Protein chains: 2
Amino acid sequence: MKVGTAALTVDAAGMRAQNSSLLLNMIWRERQISRAEIARRTELSPSTVSAIVADLEHSGLVRSIGAGVSRGGRRPTLIGFRDDAFNIIGVELGATHVTVVLTDLRGRVRTTRNSPQQVRNDPEGTLKAVRALVQECLDAERVPKRSVVGMGVAVPSPVHPSAPGKMSPLILPAWRGYDVQDALRGTFDMPVFVDNDANLGALSECYWGAGVGGEDLTYIKLATGIGSGHIIHGDVYRGAGGTAGEIGHIAVDSAGPPCLCGLRGCLVTLIGSGALVERARELMGSKGRKAPTIREIVEGARAGDPAARTIIDGLGQYLGIAVAGLLNLLNPAIVVLGGEISSVGDLLLDPLRASVRKRALSTSMAETRIVTSALGDKAIAVGAATLVLQAALRSRALFPPQHVGRTPA
Amino acid sequence: MKVGTAALTVDAAGMRAQNSSLLLNMIWRERQISRAEIARRTELSPSTVSAIVADLEHSGLVRSIGAGVSRGGRRPTLIGFRDDAFNIIGVELGATHVTVVLTDLRGRVRTTRNSPQQVRNDPEGTLKAVRALVQECLDAERVPKRSVVGMGVAVPSPVHPSAPGKMSPLILPAWRGYDVQDALRGTFDMPVFVDNDANLGALSECYWGAGVGGEDLTYIKLATGIGSGHIIHGDVYRGAGGTAGEIGHIAVDSAGPPCLCGLRGCLVTLIGSGALVERARELMGSKGRKAPTIREIVEGARAGDPAARTIIDGLGQYLGIAVAGLLNLLNPAIVVLGGEISSVGDLLLDPLRASVRKRALSTSMAETRIVTSALGDKAIAVGAATLVLQAALRSRALFPPQHVGRTPA
DNA sequence: GGTACTTTCTTCGTCACTCGAACGAACGCG
DNA sequence: CGCGTTCGTTCGAGTGACGAAGAAAGTACC
């Protein structure tokens with residue numbers, strides 16, 4: 001196996017691999033398409049298309065699914081992608097929980113497990129929990145390991161491109177010396193991909209959410225921390241040092257409160273879950289001194305509670321400052337808001353858009369849609385699985401070889 | 001010729017094209033390298049390398065340049081890139097001038113011409129001036145058109161990816177209905193590439209300046225307007241609507257003066273050339289009411305004039321707010337400051353870095369170098385030519401065919 | 001200085017892959 | 001039912017990369 005420099009040279013086999021992946025992608029995207037149509041679109045010869053399709057069919061990735069409508073002659077046989085040919089494992093390491101999903105090749109969750117876990121301070125226990133949950137998922141669906149393409153892991157830390165398994169010592173000091181990638185690859189003997197949680201949320205949205213069909217998207221995760229991820233030309237963008245997307249520490253109020261990072265007025269100190277909850281306790285004054293949860297704020301806002309509305313308004317206004325900068329600098333096609341609080345929808349989007357409009361060029365705004373996520377709470381874990389899917393669709397070799405396709409129920 | 005959808009399919013010829021471009025790039029980067037070394041690095045077979053090199057040699061792009069040092073056996077014959085095999089035209093449309101350069105394939109300027117021109121309001125005159133200057137450059141060096149790869153044009157407007165020749169009607173309303181790309185392609189019958197000036201400044205820095213060797217860089221142009229350009233994975237990033245990099249309209253002071261764009265406290269209203277000069281007039285009080293030029297501010301700062309120093313300090317502080325946001329969001333490897341005022345060097349960098357340090361995550365800063373440009377005033381025009389060079393090195397077919405290599409002096 | 005070993009580069013036969021042409025199968029339409 | 005059209009396959013040809021072998025040109029060592 002060739003390692004490292006990845007010289008992009010092509011020989012006869014590489015030619016086949018490239019065309020093969022191209023076809024595989026097209027079939028995956030279109031869900032069903034005839035050989036003739038593929039030949040027309042790719043400008044490959046019909047004979048070549050047939051040969052490659054036969055290959056893919058033999059490896060279980062695609063199959064014939066009946067005839068299509070005639071265009072005046074013989075009816076085409078449609079080729080469909082076998083979403084169930086393989087499985088993928090997605091893992092989310094949150095601040096206080098671990099979530100594992102087992103998905104098919106269309107991002108559908110077959111099984112999921114999660115457990116509370118103090119990820120920040122307990123690397124050993126976290127890894128143990130992940131191992132157990134993954135095994136549970138595999139057992140629950142009777143999935144043999146050879147039908148698993150690989151494992152994606154979302155971590156709550158920036159990820160350096162050159163050592164994706166290692167956490168940032170500044171964010172997660174307890175993880176010094178651990179390498180998530182190595183550890184899990186060692187246990188399960190399959191490819192392991194690691195990336196930052198917000199990046200994977202972005203990927204999730206790009207594949208399954210608001211960004212479907214697009215190639216440039218920014219996702220903002222509103223939770224304990226405020227993170228963002230960029231998809232650029234269909235790929236996660238990590239920046240030179242892997243810390244692209246640290247939107248939470250943009251200074252939006254120079255007179256604001258001090259932040260853990262050592263700066264002052266960071267976005268996260270104003271609109272992180274902690275700040276929102278704290279403000280809710282002041283304003284909503286619910287039942288003495290117990291601070292309401294984010295969920296309660298969401299419900300309050302929906303029910304028309306003025307205090308909750310005020311909190312959401314403030315969130316939108318502050319966030320707008322950062323988003324406006326984002327639009328001017330990056331001009332993404334879509335900005336997607338995720339995290340529990342985003343479920344208030346327009347109640348957040350309206351003040352946010354107003355705030356952005358006051359600060360961003362109208363041309364930047366014109367090209368950008370700002371929406372809230374419609375994916376559920378497993379978006380990040382599914383995004384982790386999607387990272388594997390993306391890689392496998394690009395180089396077919398990642399799919400385990402000679403897999404005899406399971407016949408679905 | 002295939003047009004449009006650009007299906008990335010590969011046939012035998014495409015295989016050759018791909019490997020050929022790979023080799024051409026390697027030879028260009030290394031300047032001199034032996035066939036054997038190429039074979040080792042690319043993992044192509046020696047016979048294939050020889051065949052491709054023979055191809056390239058025949059088309060005049062490379063040639064043998066003597067023997068290298070032995071590694072214990074026969075001495076290798078070094079292959080060198082012929083920087084003078086073809087020429088490229090680069091055009092900069094500034095706010096008040098037009099600059100044209102004729103470069104070789106290493107970004108060296110062979111001839112240059114420029115003339116003052118009110119680009120903003122006079123599209124017809126501008127195009128006329130460009131045509132005249134380009135022809136002058138070609139005539140001056142007796143360069144036949146068949147030895148010109150193409151023309152790159154830098155324009156002072158965002159460029160929409162789908163119609164690069166058209167200016168933004170908001171920034172340059174007088175250019176409505178004009179298409180720079182079509183107009184010039186029609187006149188000179190060669191490929192024409194158009195992009196935003198800051199984007200091309202970024203490209204220039206990435207190829208010839210502070211970013212050499214890197215793939216991710218942000219360039220900030222400090223002039224009448226404040227623009228920025230991002231190089232991501234070696235390519236100019238334009239964003240969804242082509243307005244990525246509009247850093248000048250980031251709001252840094254909500255109490256600041258109103259801006260032409262309709263917002264308030266935009267960076268450009270505080271540190272654009274106009275604002276700097278105006279502030280200089282107040283502080284430096286030079287000779288009655290005449291405002292000093294940017295050049296005079298630079299000279300004053302260098303000479304230790306406290307007023308000029310104050311202006312530069314303020315510039316650094318404001319700019320730092322925007323740069324800090326940039327680092328957190330994008331985490332580029334290098335930020336390069338361009339424009340005349342940047343020539344003060346450390347006098348600007350010191351307050352800038354201090355300002356950034358107060359506002360950006362230390363991890364983002366750690367991976368990012370902030371420097372001033374060392375390229376001259378033709379950086380943008382050369383960047384425009386570089387856009388053509390980049391495209392041609394990627395698909396060798398762009399080089400005019402069957403060119404009999406000129407023998408240099 | 002001669003011999004053995006290395007490295008470089010080319011030559012030539014082989015192989016994998018794509019292409020194009022020709023063909024049979026399947027279908028719509030009159 | 002027959003004709004034209006579309007779909008998919010088969011087969012021979014062409015192209016380009018590869019590997020083995022060999023010639024050319026050095027180095028190292030006795």
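Quick note on labels: first sequence line is chain A, next is B, and so on, each numbered from 1. Everything numeric here is computed off the predicted structure, so don't read it as measured data. FYI, side chains are in, hydrogens and waters are out, and symmetry mates aren't considered; it's all heavy atoms of this structure.
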_Under the criterion side-chain hydrogen bond (donor to acceptor under 3.5 Å, both in side chains), I'd like the reasoning laid out for A:R110 against A:N87: C-alpha separation, chi angles, the key distance, then a yes or no._
CA-CA 9 Å; A:R110 292 187 58 183; A:N87 300 278; 2.7 Å; yes
*Begin with the C-alpha distance, continue with both residues' side-chain angles, and end with the deciding distance and a verdict on side chain to side chain contact (heavy atoms under 4.5 Å, CB included) for A:M190 and A:I89.*
CA-CA 10 Å; A:M190 59 177 68; A:I89 295 168; 4.3 Å; yes
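Under the 4.5 Å side-chain criterion, counting only non-hydrogen atoms from C-beta, A:R75 is not in contact with A:V69.
Across all strands shown, B:V49 has no heavy atoms under 4.0 Å from either base or sugar-phosphate atoms. Using a 4.0 Å heavy-atom criterion, one finds that B:P76 contacts the sugar-phosphate atoms exclusively. Among the atoms of the strands shown, only primed sugar atoms or phosphate atoms (P, OP1, OP2) are found under 4.0 Å from some heavy atom of B:S70.
Following rounding to the nearest Å, B:M15 (CE) and D:dA17 (P) show an atom-to-atom distance of 5 Å. Nucleotide C:dC9 holds its P atom 9 Å from the CD1 atom of B:I38, rounded to whole Å. Following rounding to the nearest Å, A:R40 (CZ) and D:dG8 (C1') show an atom-to-atom distance of 12 Å. Taking atom CZ of residue B:R71 and atom C1' of nucleotide C:dC5, one finds them 15 Å apart after rounding to whole Å.
Ranked by how close their nearest DNA chain C nucleotide is to the 5' end, B:S34 and A:S45 are led by B:S34. For the pair B:G73 and A:N19, both in contact range of DNA chain C, the more 5′-proximal nearest nucleotide belongs to B:G73.
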